[in-house]
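Everything numeric here is computed off the predicted structure, so don't read it as measured data. Just the heavy atoms: all of them, side chains too, but no hydrogens, waters or symmetry mates, feed the values below. We number each residue from 1, following the sequence as shown.
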Amino acid sequence: MSAPPTSARQTTTVWYNRPDQAPPDTTPADTPFGTREWATAWTRATTEQILAHRHLHLDDATYAQTVSFHLTPGGGSPCWNLLETAAAMATVWPGTVLWAGSPHAEYGGASTASPAIAAATAAKALTLAAQLGACAVVYSGLNAEQAGLVHRAVPKRRQSLNLTTAVAHTRPLGASLQEWWAATPGRHRRDLRRQWRRGTDAGLAPAALTSTDLLAALPQFARLAQATTSRHRTPLYNADLFRLLATVPGAVLLTARDSAGNLAGGVYGWLHGDCLYLWAAGLDYSHPTARHIYTWLITEAARWAIGHGATRIDLGRGNYRAKKILGCTPHPLRTVVHLTTPDDTTSTALRELSTRLGRQAATYLPPGTTW
């Protein structure tokens, strides 16, 4: 007998208290942000004020996956607070918020395997949000197709907002550093190569740290990362967070040390599949190589990734100008908000936030890019 059509299959849903209690997913996570290890780290993280967390396993007989939810105070997510700061807006949330995943995750989408799974996730999440007293369920880091599924997953349109709040940046690596340079925009290539050479001539040496070596370097790197984000008025990281996320498969800290052994900078991320995801940077702006260090680190990260079989590099969100110069392709990321009750004030504030962020990004996005 042939299998029933997808629309006829029943989607079963079960809540779990911890990610590791849920049955295995049938498809490996597309990105490090969809792994069980990522979800587990955020149950213990202190940078976001996690008030509660639950983990929903969904199975429609053809696809099984787990979506993690974390409850925070309205102003309890530094990553979201950074968006509000960038848009020169006060906290938009009138109460606690239930996040699907974490706003620190560049990509989401764990609830978008099918319309049925999106609908089942939305229904369960809104019920949980109401039980926990949250004003909204937020799904961030979605592409346009994923956002459309989640946006349409609730019956009342005014409960759902489909916004753009960030841009991811990726580019192919090529098979060698020569191909990396060849794909770098010509008008910037000479200057970028000069910065890289100057960093090397100044004595910078690369090291890719994993496992115990990574953990040993985290306190020093965390201080640089904290100082880097503090320049944007919103501290995002601490050493404890980096330690927790070191359990995510593929974790690597790519560092630059000078001839005296001092840490001039580093980038923290994960080699996942064929892509190196760079997630956090820490730079010593007082170091003599400060003008060159970011370009030098990215170049050496590209060289390392090529040597380890990667074909793509993901440079994360923000810092539009630097990533445009490096030749990255921008990918607008959408955020879908399901309000637990209709709220015109919050809806208006969220749309204004998206509009202001879009104006800031427009200078660096190709003509015709949909925000």
Side-chain angles (χ1 to χ4, degrees), residues 29-34 79 82-83 86 103-109 112 139-149 162-193 195-196 250 252 254 267-281 294-336 354 357-371:
D30 291 336
T31 73
F33 314 107
C79 197
L82 183 62
L83 299 180
H104 277 268
E106 183 179 7
Y107 298 107
T112 59
Y139 304 80
S140 59
L142 308 178
N143 62 34
E145 181 180 0
Q146 293 169 332
L149 277 173
N162 189 349
L163 312 166
T164 300
T165 54
V167 179
H169 299 84
T170 67
R171 62 164 287 183
L173 286 164
S176 66
L177 200 57
Q178 289 70 30
E179 290 190 16
W180 165 268
W181 287 123
T184 303
R187 63 188 180 279
H188 301 299
R189 187 184 308 136
R190 179 179 298 179
D191 181 56
L192 292 174
R193 293 192 72 161
Q195 291 184 49
W196 172 60
V252 60
L254 299 145
V267 284
Y268 185 99
W270 300 271
L271 182 63
H272 185 99
D274 68 344
C275 185
L276 174 62
Y277 293 84
L278 299 181
W279 182 72
Y294 183 75
T295 296
W296 190 91
L297 275 168
I298 297 302
T299 304
E300 291 298 331
R303 186 212 294 269
W304 180 85
I306 292 167
H308 283 74
T311 62
R312 298 179 297 122
I313 189 169
D314 189 306
L315 298 181
R317 300 169 289 191
N319 202 3
Y320 294 139
R321 181 177 180 277
K323 291 165 186 176
K324 181 178 181 179
I325 289 172
L326 284 164
C328 293
T329 299
H331 305 279
L333 298 175
R334 303 196 69 79
T335 295
V336 174
S354 179
L357 294 173
R359 291 196 195 109
Q360 295 172 11
T363 304
Y364 304 105
L365 297 178
T369 301
T370 301
W371 180 261

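Interatomic distance, CG of L365 versus OG1 of T329, reported as 11.5 Å (0.5 Å rounding). Atom CG of L149 sits about 9.0 Å away from atom CG of N143, to the nearest 0.5 Å. Distance check: E300 CD to W196 CH2 gives 6.5 Å after rounding to the nearest 0.5 Å. Considering CD1 of I313 and CG of L278, their distance stands at 4.5 Å, rounded to 0.5 Å. Atom OG1 of residue T170 and atom CD of residue E106 lie 9.0 Å apart, to the nearest 0.5 angstrom. The CG atom of L297 sits 13.5 Å away from the CH2 atom of W304 when rounded to the nearest 0.5 Å.
In this structure, the side chains of L177 and T299 come closer than 4.5 Å at one or more pairs of heavy atoms. L192 is listed as a side-chain neighbour of W181, based on a closest heavy-atom distance under 4.5 Å. Contact of the P332 side chain with the T370 side chain is not registered, since no non-hydrogen atoms from C-beta on lie closer than 4.5 Å.
Taking each heavy atom of I306 and A175 in turn, the nearest pair found is CG2-O, 3.4 Å. Nearest heavy atom pair, residue A86 against residue Q360, reads O-NE2, 2.6 Å. The two residues L173 and A305 come nearest to each other via the heavy atoms CD1-CB, 3.7 Å. For the residue pair R189 and T184, the shortest heavy atom distance occurs at NH2-O, 2.9 Å.
Under the 6.0 Å distance and 45° angle rule, R171 counts as a cation-pi partner of W180.
Taking the six-membered ring where tryptophan is involved, the planes of Y277 and F33 are perpendicular, since the angle between them exceeds 60° and thus also 30°.
More than 12 heavy atoms of other residues, nucleotides or ligands sit less than 6.0 Å from atom CG of D274.
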Could you walk me through whether L276 and L254 satisfy the side chain to side chain contact (heavy atoms under 4.5 Å, CB included) test, starting with their C-alpha distance in whole Å, then the side-chain angles of each, then the deciding distance to 0.1 Å, before giving a yes or no? CA-CA 11 Å; L276 174 62; L254 299 145; 4.1 Å; yes
Y139 vs T112, test: side chain to side chain contact (heavy atoms under 4.5 Å, CB included). Steps then yes/no. CA-CA 11 Å; Y139 304 80; T112 59; over 6 Å; no
For R334 and N162, what are the C-alpha separation, side-chain angles and deciding distance, and is it a side chain to side chain contact (heavy atoms under 4.5 Å, CB included)? CA-CA 7 Å; R334 303 196 69 79; N162 189 349; 2.6 Å; yes
Could you go through the side chain to side chain contact (heavy atoms under 4.5 Å, CB included) check for Y107 and D30 one step at a time? CA-CA 9 Å; Y107 298 107; D30 291 336; over 6 Å; no
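Taking the six-membered ring for Trp and the full ring otherwise, Y320 and H169 have centroids separated by under 6.0 Å.
Looking only at distances, no side-chain donor or acceptor of Q146 sits under 3.5 Å from a matching main-chain atom of L142. Without hydrogens or angle criteria, S140 side chain to T335 main chain gives no donor-acceptor distance under 3.5 Å. Side chain of K324 to main chain of P330: no donor-acceptor pair is present (N/O by atom type, distance under 3.5 Å, no hydrogens or angles). No donor-acceptor pair under 3.5 Å is formed between the side chain of R321 and the backbone N or O of Y364. In terms of modelled atom types and a separation under 3.5 Å, the side chain of W371 and the main chain of L357 share no donor-acceptor contact. R312 places no side-chain N or O within 3.5 Å of a backbone atom of C275 that could act as its donor or acceptor partner. Put simply, the side chain of H188 never gets that close to the backbone of G327: no donor and acceptor are under 3.5 Å apart.
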